[in-house]
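These numbers come from the heavy atoms of this one structure, side chains and all, not from hydrogens, waters or symmetry mates.
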Amino acid sequence: MKAKSSGLAPDIFIKQLENGSVPTVVCIVGEEPYYRDLVRRTLLDTLFADVPQDSRDITVFEEKTDMKKLETLINTYPFFSGRTVALITDRELLNPKSEAENKKPKAAGKGKSKEVSLSKQELLQKMLGDVPDFCTVILQTEKMDGRQKFTKFLQKETVFVDCSPVDSRYLPAWLARQAERKGGSLTREAVQRIQEYLATVDNPPLQLLAAEVEKIAIYAGDRKKWTADDVDLLFSALPEIGAFALNNAITSKNTVLALQLLAEEQKKNTYLPLLAAKLLAHLRNILMVKEGERLGLSASRIAAESHKAPFLISMWQRDGARFNETRLRGAIQSLDQMVAEVSLGGRQFDRLEEIIAILCA
């Protein structure tokens with residue numbers, strides 16, 4: 001179970017850093033690696049603004065954290081850089097799967113101090129409540145259990161940065177910010193083309209997208225308006241491109257092109273179940289829109305209930321106009337059966353060719 005999304009958005013936290021607000025304890029939590037890396041890098045660059053990379057005093061605790069060593073680090077003034085950083089990524093410490101992983105140390109005798117009876121998380125919580133100004137503790141993990149007292153403490157008493165994946169509905173705004181940082185802007189058609197490429201993806205691959213936007217900025221040079229043609233030319237690294245082109249050919253009922261693209265995917269040894277899954281997702285979205293229309297729902301209502309961007313609903317409406325519900329359901333059932341049989345040694349690309357031919361007939 002993930003921690004509740006009650007933390008700061010990464011962009012807001014970065015702005016706070018730019019304004020000179022540097023906390024002593026920062027929790028970077030979430031499943032989006034792009035934001036986790038961006039927040040950590042920005043925080044470290046802010047903390048060590050005038051310190052060369054090789055002189056930065058950063059100690060990483062990846063596993064089996066020695067709590068005494070951590071406590072000593074937090075409370076010992078650094079001699080060289082004037083600041084220390086403890087980066088804790090220890091999964092067993094931050095998000096234990098069981099009570100055994102967070103067990104309390106055994107007391108060795110009556111003379112032992114009271115802290116001996118505390119669990120590792122309780123010891124860490126106590127340390128985080130009194131971190132000196134010369135030290136910054138960074139906790140970084142994909143998930144934290146929102147039911148734990150420790151997680152609730154972090155959310156309430158520390159700077160908790162929520163690095164959850166970006167919903168595809170908010171992709172246009174994210175892309176606009178990326179382009180602005182690179183000194184340019186994407187046209188509406190360019191953004192829509194990217195959305196088309198990623199129509200079957202709930203959470204866009206931000207690291208990959210950021211790299212592609214940077215490539216467009218370099219390619220465009222002094223030209224600051226970036227178009228759909230730029231996207232087509234440079235978004236070659238996206239793993240969804242092949243599936244997008246195939247889906248587009250199928251929903252356009254271009255049987256010849258669809259089979260040619262399928263043959264190319266076979267030559268590339270594309271994993272068939274993944275390719276079929278992309279096609280299944282696309283056909284199910286088209287069917288969802290057609291069912292909504294049959295029930296009298298407006299496009300805006302379908303978008304709200306499905307949590308999809310209105311532009312995508314319009315695209316699926318356009319594609320769905322070429323098919324009836326019976327044909328779509330038949331293709332979806334055939335694809336499901338094909339995927340199930342592939343793992344048992346069943347037919348593969350030749351069977352997908354038949355399904356595409358029947359769907360496009």
If you count the non-hydrogen atoms of other residues, nucleotides and ligands that lie under 6.0 Å from CD in Glu305, is the total more than 12?
-> yes
Distance-only, no hydrogens or angles: does the Thr151 side chain make a donor-acceptor pair with backbone N or O of Arg147 under 3.5 Å?
-> no
Drop me the distance from Gln207's CD to Leu38's CG, to the nearest 0.5 angstrom.
-> 10.0 Å
Steps toward side chain to side chain contact (heavy atoms under 4.5 Å, CB included) verdict (Val161, Tyr35) | CA-CA 9 Å; Val161 187; Tyr35 274 134; over 6 Å; no
Is it true that Arg329 and Glu291 have a side-chain N and a carboxylate O under 4.0 angstrom from each other?
-> yes
With rounding to the nearest 0.5 Å, note down the distance linking CD1 in Ile286 to CZ in Arg318.
-> 9.0 Å
Has the side chain of Asp350 got a donor or acceptor atom that lies under 3.5 Å from a matching backbone atom of Gln348?
-> yes
Atom CG in Asp57, atom CG in Leu47: separation rounded to 0.5 Å?
-> 11.5 Å
Return the minimal non-hydrogen interatomic distance between Leu70 and Phe61, and the atom names on each side.
-> CD1-CE1, 3.6 Å
Nearest-0.5 Å distance, CG of residue Leu262 to OG1 of residue Thr270 = 9.0 Å
So does Lys253 have more than 12 non-hydrogen atoms from other groups sitting under 6.0 Å from NZ?
-> yes
Hey, are Asp230 and Arg193 close enough for a salt bridge, meaning a charged N less than 4.0 Å from a carboxylate O?
-> no
Side chain to side chain contact (heavy atoms under 4.5 Å, CB included) evaluation trace for Met338 with Leu272 | CA-CA 10 Å; Met338 182 199 74; Leu272 183 63; 4.2 Å; yes
Is the shortest distance from a Lys or Arg side-chain nitrogen in Glu212 or Lys215 to a carboxylate oxygen in the other one below 4.0 Å?
-> yes
Using the rule that two of Ile, Leu, Val, Met, Phe, Trp, Tyr join whenever any of their side-chain heavy atoms come within less than 4.5 Å, decide whether Leu44 and Val39 are in one cluster.
-> yes
Is a side-chain donor or acceptor of Asp130 paired with a backbone partner of Lys126 at a separation under 3.5 angstrom?
-> no
Does the side chain of Glu142 reach to within under 4.5 Å of the side chain of Arg91, using non-hydrogen atoms?
-> yes
Counting only heavy atoms not in Glu325, do more than 12 sit closer than 6.0 Å to its CD atom?
-> yes
Path from Leu186 to Tyr170 over hydrophobic side-chain contacts below 4.5 Å | yes
Heavy-atom pair with the smallest gap, counting every atom of Asn247 and Lys278 = ND2-O, 3.6 Å
Without swapping roles, check the side chain of Gln148 against the backbone of Phe150 for a donor-acceptor pair under 3.5 Å.
-> no
Candidate pair Phe311 and Val191, rule side chain to side chain contact (heavy atoms under 4.5 Å, CB included), full reasoning | CA-CA 10 Å; Phe311 162 73; Val191 172; over 6 Å; no
Donor on one side chain, acceptor on other, Glu196 and Asn248, under 3.5 Å | no
Hey, is CZ on Arg301 packed in by over 12 heavy atoms from elsewhere, all under 6.0 Å?
-> no
Inspect the contact between Lys268 and Glu265 and indicate whether a charged nitrogen and a carboxylate oxygen are less than 4.0 angstrom apart.
-> yes
All heavy atoms of Trp316 vs all of Val289, minimum pair found to be CB-CG2, 3.8 Å
Does Thr251 offer a backbone N or O that forms a donor-acceptor pair with the side chain of Asp319 under 3.5 Å?
-> no
CA sep, side-chain torsions, deciding dist, call: Glu354, Arg351, salt bridge (Lys or Arg N to Asp or Glu O under 4.0 Å) | CA-CA 5 Å; Glu354 292 177 0; Arg351 176 56 181 144; 3.0 Å; yes
Would you find a donor on one side and an acceptor on the other, under 3.5 Å apart, between the side chain of Arg327 and the backbone of Ala361?
-> yes
Exceeds 12 heavy-atom contacts within 6.0 angstrom, atom OH of Tyr219 = no
Following the transitive rule for hydrophobic clusters with a side-chain heavy-atom cut-off under 4.5 Å over Ile, Leu, Val, Met, Phe, Trp and Tyr, establish whether Tyr271 and Leu352 coincide in one cluster.
-> no
Please assess Ser164 against Asp162 for the test side-chain hydrogen bond (donor to acceptor under 3.5 Å, both in side chains), listing each intermediate value before the final yes or no.
-> CA-CA 6 Å; Ser164 298; Asp162 180 13; 2.6 Å; yes
Do Thr141 and Asn95 get their side chains close enough for a donor-acceptor pair, meaning under 3.5 Å?
-> no
Has the side chain of Lys182 got a donor or acceptor atom that lies under 3.5 Å from a matching backbone atom of Ala217?
-> no
Basic-acidic side-chain contact under 4.0 Å: Glu341, Arg347 = no
Hey, does Met127 have a side-chain heavy atom less than 4.5 Å from the side chain of Val137?
-> no
Given the rule in the side chain to side chain contact (heavy atoms under 4.5 Å, CB included) test, do Leu43 and Ile138 qualify, once you have shown the distances and angles that lead to the verdict?
-> CA-CA 9 Å; Leu43 176 57; Ile138 304 172; 3.5 Å; yes
Ile250-Leu259 co-clustered via ILVMFWY side chain contacts under 4.5 Å = yes
Side chain of Gln121, backbone of Leu93: donor and acceptor closer than 3.5 Å?
-> yes
When you look at CZ of Arg188, are more than 12 heavy atoms from neighbouring residues, nucleotides or ligands closer to it than 6.0 Å?
-> no
Heavy-atom neighbours of Lys224 NZ exceed 12 at 6.0 Å | yes
Neighbour count above 12 (heavy atom, 6.0 Å) for Asp133 CG = no
Is the backbone of Leu328 close enough, under 3.5 Å, to the side chain of Lys290 for a donor and an acceptor to pair up by distance?
-> no
Measure across Leu257 and Asn254 and return the closest heavy-atom pair with its distance rounded to 0.1 Å.
-> N-OD1, 3.2 Å
Any Cys135 side-chain heavy atom under 4.5 Å of Thr24 side chain = no
Would you find a donor on one side and an acceptor on the other, under 3.5 Å apart, between the side chain of Arg36 and the backbone of Gly30?
-> yes
